[in-house]
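We name chains A, B, ... by the order of the sequence lines, and we start the count at 1 in each one.
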Number of protein chains: 2
Amino acid sequence: MIQEEGHVKIRDLSEKFEVSEMTIHRDLKLLMEQGLVKKIFGGVQLQEVSNKIQQKQCTYCHKPISNEGKLTYQLILSANRIERTCCAHCGILRHKQLGEVVLQALCHDFMTNTTISATTAWFVMDTSLQMGCCEPQVLTFGNKDHAEKFVKGFDGTVLRFEEAAERVTEAMQAGCCSKQK
Amino acid sequence: MIQEEGHVKIRDLSEKFEVSEMTIHRDLKLLMEQGLVKKIFGGVQLQEVSNKIQQKQCTYCHKPISNEGKLTYQLILSANRIERTCCAHCGILRHKQLGEVVLQALCHDFMTNTTISATTAWFVMDTSLQMGCCEPQVLTFGNKDHAEKFVKGFDGTVLRFEEAAERVTEAMQAGCCSKQK
DNA sequence: TCAAAATATAACATTTTATAACAACAGTAT
DNA sequence: ATACTGTTGTTATAAAATGTTATATTTTGA
C-alpha cells in the first residue's frame with residue numbers, strides 16, 4: 001500500500017488489517033528503524049533514499065561502481081569529503097590530480113580484499129589477468145609476497161605507489177578509461 | 001503446505017494432521033535445525049523467501065557473511081529457496097547434505113569475481129594463500145587456466161567438483177569449520 | 001495566539017502463542 | 001513379564017503480541 005500510494009494513513013492500515021492503530025504504530029516503528037518508511041503526523045510515507053551515502057559512480061571516469069567492487073579506490077579528503085573510483089587506475093589519477101587535499105587513500109588487497117593504505121600498497125601492472133575495468137590495469141596488494149606470487153603465475157610487474165602513478169600518468173596522455181559497462 | 005503458501009499457522013498444521021500443536025512445534029524444530037523453515041511467532045515460513053534480501057549467516061557454519069564476500073557459495077533449491085554459505089568449504093558440504101533438492105550451485109571466480117556454476121568450476125586446495133574462512137580452504141575458479149596460474153605462484157592442487165567434495169568430506173570427519181569471527 | 005480536534009505515545013491489561021516439565025502410551029529388546 | 005526407548009498429549013508457566021486507557025504532542029482554524 002505504501003509503495004503504491006507513496007503515502008498511507010495509519011487508520012487505513014488499521015482498518016485494512018483489522019488491528020488496532022497502536023499495532024500499526026508498533027509495526028511501522030520496525031520499518032522505520034530499518035529505514036524503509038518514514039512516519040509523518042497522521043500517516044506513513046516511503047523513505048527517500050536520496051540522502052544515502054553510497055556513491056555509485058567513479059569520480060574519475062563516471063563508470064557505475066558495483067557494491068562488491070574489490071577494485072575500488074577511496075580518497076578521504078579534507079572537510080569530511082569522500083570520493084570513490086572504480087579501480088586503482090582512476091584512483092591514482094584522481095589522487096594525483098587532487099594533490100594535498102587527499103588525506104588518505106584506501107584500496108583493497110586483490111587476494112584477501114582487506115582494506116589497505118594505497119600509499120604503502122604494492123601495485124601490479126602489465127599482467128595477463130584482465131579484470132576489464134580500466135586500461136592500463138592496476139591491481140593492488142597489501143603484501144609484497146602476494147604480489148610477487150601473483151606475478152609468478154599471471155605475469156606482470158610489481159611497483160610502489162609512485163612508480164605506478166608515473167606509469168599510469170604517462171599512459172594517460174593517450175587516453176585511458178575504458179567505457180565499458 | 002509451507003511451500004505452497006509460503007507461510008502457515010501452527011494451528012492449521014495441527015488441525016490438518018490431527019495432532020497437538022506441541023507435536024507440530026517439535027517437528028518444526030527439526031526442520032528449523034536443518035535450516036529448511038523459519039518459525040515466527042504464530043507460524044512457520046520458508047527459510048529463504050526467493051529473491052528477497054541478503055542472507056547474513058552461513059547456512060552451514062552460521063558465521064556472518066560479508067556483503068562483498070567473493071568466497072560465498074549459493075545454493076538454488078526447489079520452492080524458490082536460496083541458501084548462502086560463507087565459502088566453498090561450507091557450500092560443498094551443504095550441497096552434498098541437501099542432495100537432489102539443489103537445483104543449481106553458484107560461486108565466484110576467485111580472480112575476476114564473476115559468477116560461475118559450482119559443478120563446472122575448478123577448485124584449488126592446499127594453497128599457501130590463507131583467506132582465513134574455513135578449513136580446509138577451497139578456492140573457486142571459473143577458468144582452468146586461472147586456477148593453474150594461481151597454483152604456479154601460490155601452490156596447491158587443482159580439482160574438479162567431485163574431487164573437491166570428496167576431499168572436504170573426508171576432512172570433515174575430524175571437525176571442520178574454524179570458529180573464528 | 002489560543003483552544004479544540006486529531007494524532008501519537010506510554011503504561012498497563014488482556015489475549016495469543018511458545019516452552020518446559022511431566023505423565024501416558026506403544027514398541028522393542030532382554 | 002520387565003525395563004528401556006521414543007513419541008505424543010497435558011498442564012503450568014513464560015514470552016510475545018495486541019488492545020485499552022490516559023496523557024502528551026501536533027495540527028488546525030478562528
> Of the nucleotides dA18(C), dA21(C), dA11(C), which has the atom closest to the Arg26(A) side chain?
Replying inline: dA11(C)

>> I want to verify a distance call: between dT17(C), dA18(C), dA21(C), whose nearest atom is closest to the Arg11(B) side chain?
In response: dT17(C)

Whole angstrom value for the distance that separates [atom2] of [N] from [atom1] of [X]:
{"X": "His25(A)", "N": "dT9(C)", "atom1": "NE2", "atom2": "C1'", "value": "8 Å"}
{"X": "Leu28(B)", "N": "dT17(C)", "atom1": "CG", "atom2": "C1'", "value": "13 Å"}
{"X": "Met32(B)", "N": "dA18(C)", "atom1": "CE", "atom2": "P", "value": "11 Å"}
{"X": "Met22(B)", "N": "dT17(C)", "atom1": "CE", "atom2": "C1'", "value": "12 Å"}
{"X": "Glu15(A)", "N": "dT7(C)", "atom1": "CD", "atom2": "P", "value": "12 Å"}

> Does any N or O in the side chain of Thr127(B) come within less than 3.5 Å of the main-chain N or O of Gly156(B), such that one atom is a donor and the other an acceptor?
Replying inline: no

Basic-acidic side-chain contact under 4.0 Å: [X], [Y]:
{"X": "Asp109(A)", "Y": "Lys70(A)", "answer": "no"}
{"X": "Lys9(B)", "Y": "Glu15(B)", "answer": "no"}
{"X": "Asp155(B)", "Y": "Lys149(A)", "answer": "no"}

> Hey, which of these two, Glu21(B) or Asp27(A), hits DNA chain D nearer its 5' end, going by closest nucleotide?
Replying inline: Glu21(B)

> 5'-most contact on DNA chain D: Phe41(A) or Glu18(A), nearest heavy atom basis?
Replying inline: Glu18(A)

>> By nearest heavy atom, map Gly42(A) and Gly42(B) onto DNA chain C; which one lands nearer the 5' end?
In response: Gly42(A)

> Can the ring centroids of Phe123(A) and Phe141(A) be said to lie less than 6.0 angstrom from one another?
Replying inline: no

> Val138(A) and Ile116(A): same hydrophobic cluster, using ILVMFWY side-chain contacts below 4.5 Å?
Replying inline: no

>> Please verify the inter-ring angle class for Phe110(B) with Phe150(B); under 30° counts as parallel, over 60° as perpendicular, anything in between as tilted.
In response: perpendicular

> With sugar-phosphate meaning primed atoms plus P, OP1 and OP2, does Ile24(B) contact a base, only sugar-phosphate, or nothing at under 4.0 Å between heavy atoms?
Replying inline: nothing

>> Quick check on dT9(C): is either OP1 or OP2 less than 4.0 Å from any side-chain nitrogen or oxygen of Lys39(A)?
In response: yes

> Could you give the start and end, 5' to 3', of the contact zone on DNA chain D for chain A, using atoms under 4.0 Å from its heavy atoms?
Replying inline: dT18(D) to dT27(D)

